[in-house]
Amino acid sequence: MSDSFSNPSPQFGTVEYLGKPGFDHCQFCHQPIAGNYYRINNAMACSDCAEKMRGVLATDTHAAYMRALFYGIGAAIAGMILYAVFEIATGLIIGYVSLAVGWMVGTAMMKGSNGVGGRRYQITAVLLTYAAVSMAAVPVWIHYGNKHRQQQEIQEQQNRQQLEDEQRQLEAESGQKPSLAAPRPVQPRLSFGGWLARAALLGLASPFLEVWGGGVTFGWLIGIVILFVGMKIAAKLTGGRRAEIFGPFDDSPRTS
């Protein structure tokens with residue numbers, strides 16, 4: 001009996017009849033049904049199992065959805081970090097990580113909702129999966145941007161030092177006084193909020209920026225297909241399956 005209710009995906013569609021012919025049996029506890037009976041997704045059940053099933057059935061409430069959303073956001077952030085760290089560490093862009101991200105988001109949302117699923121859960125899971133995979137490009141850009149800027153600053157410093165040395169040497173040979181170096185122009189800095197909004201927009205558009213820059217490629221198509229499959233995995237996991245309980249019905253005598 002405990003196995004029937006601990007299993008998150010009971011097989012309601014398969015009815016099993018055990019015992020003597022001519023007697024109806026509960027599909028879940030396999031005991032003969034005496035008196036009234038119930039139907040749980042067209043499967044016959046006794047009154048005790050129906051009551052227990054009502055207790056374990058999760059209800060779609062606002063609190064359940066908010067818990068699922070909170071868990072899903074956490075899984076999306078973890079998936080984004082996983083995707084970005086893998087690409088930074090290996091230097092490879094592996095689209096199959098999108099499948100893991102979709103599974104993480106869908107599983108986390110179902111955990112947060114205690115098994116409740118539905119249309120709005122699926123839409124949320126799909127959007128979170130897409131956001132996690134696309135936004136993973138932002139930390140990757142930051143990493144390589146900082147690396148490139150450091151190299152550029154070193155090169156500029158070397159060039160500036162070389163020009164200053166040559167200028168001092170010319171001034172010393174001509175007997176002129178050393179001139180002060182011209183101050184570097186100060187570029188206006190973007191506010192953190194503006195930078196964050198711009199990074200978010202670029203990140204969400206990152207799956208399509210490659211097409212804009214270099215056209216449609218075979219590798220891009222494969223990545224988009226894998227991303228779509230990852231989103232489909234998240235939607236499937238959060239679809240849920242509600243058990244409907246009907247009854248009670250009168251137990252009519254059956255002939256052998």
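Model, not experiment: these values are computed from the prediction.
- Taking Ile222 as the reference, Phe218, Ile226 meet the side-chain contact (heavy atoms from CB on, under 4.5 Å) condition, with sequence neighbours excluded.
- Side-chain contacts under 4.5 Å among hydrophobic residues (ILVMFWY), followed directly or transitively, place Leu201 with no other residue at all.
- Arg120 meets the side-chain hydrogen bond (donor to acceptor under 3.5 Å, both in side chains) test with Asp60; sequence neighbours excluded.
- In this structure, Met44 CE and Arg39 CZ are separated by 4.0 Å, a value rounded to the nearest 0.5 Å.
- Legend: salt bridge (charged side-chain N to carboxylate O under 4.0 Å, His left out) pairs involving residues 122-136, not counting sequence neighbours: none detected.
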Only distances under 3.5 Å count here; give the side-chain donor-acceptor pairs of residues 229-240 to other protein atoms, sequence neighbours excluded, each with its distance to 0.1 Å.
from, atom 1, to, atom 2, distance (Å)
Thr238, OG1, Ala234, O, 2.8
Thr238, OG1, Ala235, O, 3.3

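- Follow the hydrophobic side-chain contacts under 4.5 Å out from Ile123 and you never reach Tyr121; the two are in separate clusters.
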Quiz item: Please walk me through it: do Cys49 and Tyr38 pass side chain to side chain contact (heavy atoms under 4.5 Å, CB included)?
Solution: CA-CA 9 Å; Cys49 290; Tyr38 292 78; over 6 Å; no
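- Inter-residue side-chain proximity for Phe28 and Cys46 is flagged as unmet; no heavy-atom pair is nearer than 4.5 Å.
- Closest heavy-atom contact between Ala45 and Ile40: CB-CD1, 3.7 Å.
- Here the straight-line distance linking atom CD1 of Ile77 with atom CG of Leu82 works out to 13.5 Å at 0.5 Å rounding.
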With a cut-off of 3.5 Å and sequence neighbours excluded, list every side-chain donor-acceptor pair involving residues 63-75.
from, atom 1, to, atom 2, distance (Å)
Tyr65, OH, Thr124, OG1, 2.8
Arg67, NE, Gly112, O, 2.9

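- Hydrophobic cluster membership is shared by Leu99 and Leu221, with clusters built from Ile, Leu, Val, Met, Phe, Trp and Tyr side chains linked at under 4.5 angstrom.
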Counting only pairs under 3.5 Å, give me each side-chain donor-acceptor contact of residues 125-140, with atom names and distances, residues two or more places apart or in other chains.
from, atom 1, to, atom 2, distance (Å)
Thr129, OG1, Ala125, O, 2.8
Tyr130, OH, Leu204, O, 2.6
Ser134, OG, Tyr130, O, 2.8
Ser134, OG, Ala131, O, 3.3

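- Asn36 has its side chain out of reach of Ser47: every pair of non-hydrogen atoms, C-beta onward, lies at least 4.5 Å apart.
- Rounding to the nearest 0.5 angstrom, the gap separating the CD1 atom in Ile33 from the SG atom in Cys26 is 5.5 Å.
- A continuous path of ILVMFWY side-chain contacts below 4.5 Å connects Phe86 to Val105, so both sit in one hydrophobic cluster.
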